[in-house]
Amino acid sequence: MKWKIACIQMDIAFGQPDINFQVAEQWMEKAARSESDIVILPELWTTGYDLTRLNEIADQEAEKTIEFLKTQAQKHQIHIIGGSIAKKTSKGIYNTMIIIDKHGKLIKEYDKLHLFQLMDEHHFLQPGEKDGLFTLDEKICAGFICYDIRFPEWQRAHTVQGAEVLFVTAEWPKPRLDHWRALLISRAIENQAYVVAVNRTGSDVNNIFAGHSLIIDPWGNIISEAGEGNELLTGTLDFNKVTEARNKIPVFEDRRPDFY
Ligand SMILES: NC(=O)CCC(=O)C(=O)O
C-alpha cells in the first residue's frame with residue numbers, strides 16, 4: 001500500500017485564529033489538488049505561540065477546529081493530521097493534535113506530552129498524559145508534537161506497538177535547524193519507520209522558524225524536504241519499505257528491553 005502525503009508548511013498569523021483558518025482553507029484546496037491521501041498542518045497553527053492570550057483565543061474543547069477539519073476532510077476526501085491547536089478545557093489549556101479521517105470522523109486527540117520550557121509552554125499549558133497512537137486505512141501511526149522528538153523512548157514506545165509512520169507537527173526555530181534534521185532522520189532510522197514532519201515558516205516576536213519540513217523513509221533517506229518559505233511539500237510512502245527495513249535488520253527482535 002502507498003500513501004501520498006501533503007505537508008502544509010505555512011506562516012501563522014500571531015494570535016489571529018480567524019486569519020489562520022482562512023489561510024489553512026486555501027492550503028487544503030491545494031493539498032486536495034495534489035491528490036494526496038493525507039494532509040498535515042503545523043503546531044499551534046490557529047494561534048501561534050501567543051501564550052499570554054491563550055485564555056482568550058484557545059479553542060474551547062477544540063470544537064471550532066474539529067468542525068472546520070471535519071468539513072475539509074469530507075469536502076476533499078482526505079485524512080487530516082490537524083497539526084496542533086491550543087485546546088481549552090476545564091483542566092487547563094493543552095497543545096493538542098487532532099486527527100480526522102476522510103469521512104469526517106474524529107479519530108484521535110493527542111496532547112503534547114513534553115512541554116518546551118525554553119518557549120515558556122510550562123507556564124501556560126498542561127502536559128498530556130496519553131499516547132499518540134492511531135490507525136488510518138488499517139495502518140498504525142503515531143503523532144508527536146515538536147519537542148517530543150527529543151525523547152526517542154517516546155517514539156519507541158509507539159513503534160513497539162506497531163506504528164509504521166511517525167507524524168510530527170512543529171514550530172521549530174531556525175537556530176536549531178541542524179537538530180531538527182538530525183533528530184528526525186535518527187527517529188526514522190532507529191524505528192525503521194516513515195517520519196513525516198511539518199514545520200511552520202515566518203517569525204513571531206521571539207523566534208524565526210526554520211521551515212524545512214521533511215518526509216523521511218525507514219532507512220533514513222530524505223524523500224522530500226521543503227525550503228524556508230511557504231510550500232506544500234509532497235511525498236509518497238510505500239509500506240513495503242517498512243517491512244523490507246524491519247526484515248533486513250530485525251531491530252525489534254534484537255532489542256534487549258530486560259537491560260533498559
Ligand atoms: N515548539 C517546540 O516544542 C520547539 C522545540 C524546539 O525548538 C527544540 O529545540 O526542541
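For ligands, and for the atoms within them, numbers begin at 1 and follow the listed sequence.
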Looking at Lys130 and Glu109, is there a salt bridge between them, counting it only when a charged N and a carboxylate O are closer than 4.0 Å? no
Do the charged groups of Asp11 and Arg200 touch, with an N to O distance under 4.0 Å? yes
Is the shortest side-chain N to carboxylate O distance from Glu190 to Arg156 below 4.0 Å? no
Can the positive tip of Arg53 be found less than 6.0 Å from the middle of the six-membered ring of Phe124, inside 45° of the ring normal? no
Does Asp101 pair with Lys108 as a salt bridge, N-O distance under 4.0 Å? no
Between Asp217 and Lys241 (salt bridge meaning N to carboxylate O under 4.0 Å), is one present in this structure? yes
Taking non-hydrogen atoms within less than 4.0 Å of ligand 1, which protein residues qualify? Glu43, Tyr49, Lys112, Phe116, Met119, Cys146, Tyr147, Arg150, Glu171, Trp172, Pro173, Arg176
